[in-house]
Number of protein chains: 2
Amino acid sequence: MEPFTPRQNAVLECALQLLVAGGERALTTAGLARAANCSKESLYKWFGDRDGLLAAMITYQASKVRTPGPRESMPTLDDFTRSLAVFAEDLLGVLSGEVSLALNRLAIGQADRDGAELGALLREHGRLPIELRAKALLELGRRHGYLKFSDTHEAYETLYGLIVHDGHVRMLLGEAPAKVADDRPRRARLAISQFFRLYGQGAQDIR
Amino acid sequence: MEPFTPRQNAVLECALQLLVAGGERALTTAGLARAANCSKESLYKWFGDRDGLLAAMITYQASKVRTPGPRESMPTLDDFTRSLAVFAEDLLGVLSGEVSLALNRLAIGQADRDGAELGALLREHGRLPIELRAKALLELGRRHGYLKFSDTHEAYETLYGLIVHDGHVRMLLGEAPAKVADDRPRRARLAISQFFRLYGQGAQDIR
DNA sequence: CCGGAACCGTACCGTACGGTACATAGATTT
DNA sequence: AAATCTATGTACCGTACGGTACGGTTCCGG
């Protein structure tokens, strides 16, 4: 939708860097102009507004992350399980990333102003792609008879909860990501194992 | 140390109200002084600092919430299940409360400054009591033979994930609590049902 | 009745930041 | 070569807010 120019991308990258380093308070228009060797006037010309800049940062960051669609070949149950584990580790990796945390903090800190525009943006560009990818994966598993569920969304939310627990909020509150996302593979394996016990073939559907 | 005087409590209550209504930006010292009919000088005398005020707000709010210890009588499995469901609904209720959301947003918004003091405070006074209560409940269930697990913390985190999913972050990002905590009892029942399938008696422990 | 402590209301100060204006320098077009 | 467009850097403005100072008032103990 808004492919920025390379120059603008560089400025946005710089802005993300500032945000990660010092939080929102460190991201001032003057500071960004100085750090990125551009003028404040250009900032306002390009992004219109400080809020516009923040929004642009989110869409820019989202444009960097690509969510690989599931490879269609999914022959064995073992492959499918591995795919789920990869998803789980990816999810934990993304959520514990510095930039992700900084942007989420930013959006949450502004969730009261103007209808939570940034929050909506973050949900749409950040969470939705992940959600769609996971749901596609789940339904693929169901098609192959590895999973059994009637409500895809419910299954997805359960999977998310089993993987993340309350780790995301704890990290957002300042807990060290290392402490939360520690031993990511183990945690991913456990979550997937639990998920299979709830939704795997052979488990009766919940009602 | 922090039993505040009634007058100070009233001021803190007023501050919470301002925070809920308009977010952090609406919570200015001058505005609070005006709304609470007190002087800025008193604010600084009592709380030392704006950050001190924010910290006081958190401890004050925490002091209002009491977590009932589990009643020791827990004869039947049905009673225990009901207790778990009550915990689940309580948890969803607390997390979707206006004041809780506002304070979490506040702490997250400041999670970059001075070692995330507010975040630590929130974890200690807000989440820890809930965690302890839940763990006590879980271990009570294990003592009665209703549950089977080796790692209490792991079981607790799983329970938390099954109940909350990513609803907390979504609400923090501005999604309507009604949309997330909608149909709380159904969601609580589902989560407890799933939890029993993972950790209930008759389920082999995970390893 | 007196003196002091606590507190209110207001005024004030310094500063930081969002946003605008302008003067200058390269680059691109005509 | 002249003109135009774009971008930089600096200077500037208005405002909002954290923090402090001060005069006036109420309340309480002696």
Side-chain angles (χ1 to χ4, degrees), chain A residues 2-58 60 102 105-107 109-110 112-114 117-118, chain B residues 1-58 60 102 105-107 109-114 117-118:
Chain A
E2 303 146 61
F4 302 107
T5 72
R7 175 75 177 120
Q8 288 165 359
N9 281 341
V11 171
L12 290 174
E13 188 61 43
C14 201
L16 283 177
Q17 211 171 309
L18 280 179
L19 182 70
V20 167
E24 177 174 4
R25 320 189 56 127
L27 186 65
T28 68
T29 55
L32 176 58
R34 201 178 324 116
N37 287 325
C38 73
S39 71
K40 284 173 69 172
E41 198 166 1
S42 299
L43 293 182
Y44 285 97
K45 184 187 194 100
W46 293 332
F47 309 112
D49 202 346
R50 185 172 190 266
D51 290 355
L53 171 67
L54 303 182
M57 289 168 63
I58 290 182
Y60 165 67
R105 288 201 187 103
L106 181 66
Q110 311 242 334
D112 34 53
R113 293 175 40 83
D114 14 85
E117 189 121 0
L118 289 187
Chain B
M1 161 166 172
E2 37 215 276
F4 302 108
T5 72
R7 175 76 176 119
Q8 290 165 357
N9 282 340
V11 171
L12 290 174
E13 187 61 44
C14 201
L16 284 178
Q17 210 171 308
L18 280 180
L19 183 70
V20 168
E24 177 175 4
R25 322 188 56 124
L27 187 65
T28 67
T29 55
L32 176 58
R34 202 179 324 116
N37 287 325
C38 73
S39 72
K40 284 174 69 173
E41 199 167 3
S42 298
L43 292 181
Y44 284 96
K45 183 185 193 102
W46 294 333
F47 309 112
D49 202 346
R50 186 173 188 266
D51 289 355
L53 171 68
L54 302 182
M57 288 169 62
I58 290 181
Y60 164 69
R105 289 202 187 103
L106 181 67
Q110 313 244 331
D112 33 53
R113 294 175 39 83
D114 12 89
E117 189 123 358
L118 289 187

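Proteins get letters first, then strands, A, B, ... in listed order; numbering begins at 1 in each.
- For B:Y44, the side chain to side chain donor-acceptor pair (under 3.5 Å) criterion is met by no residue, not counting sequence neighbours.
- Rounded to the nearest 0.5 angstrom, A:Q8 CD and A:E13 CD are separated by 14.0 Å.
- Summarising the geometry, atom CZ belonging to B:F47 is positioned 12.5 Å from atom OG1 belonging to B:T29; distances are rounded to the nearest 0.5 Å.
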Can I get a per-line list of side-chain donor-acceptor pairs under 3.5 Å for residues 15-27 of chain A, giving both atom names and the distance, sequence neighbours left out?
| from | atom 1 | to | atom 2 | distance (Å) |
| --- | --- | --- | --- | --- |
| A:E24 | OE2 | A:R50 | NH1 | 3.3 |
| A:E24 | OE2 | A:Q110 | NE2 | 2.7 |

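- Between the CG atom of A:D49 and the CG atom of A:L43 there is a distance of 11.5 Å, given to the nearest 0.5 Å.
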Inset, instruction - At under 4.0 Å between heavy atoms, which parts of nucleotides 7-22 of chain D does protein reach? Answer with one letter per nucleotide, 5' to 3': B base, S sugar-phosphate only, - none. - result: SBB-------SBBBBB
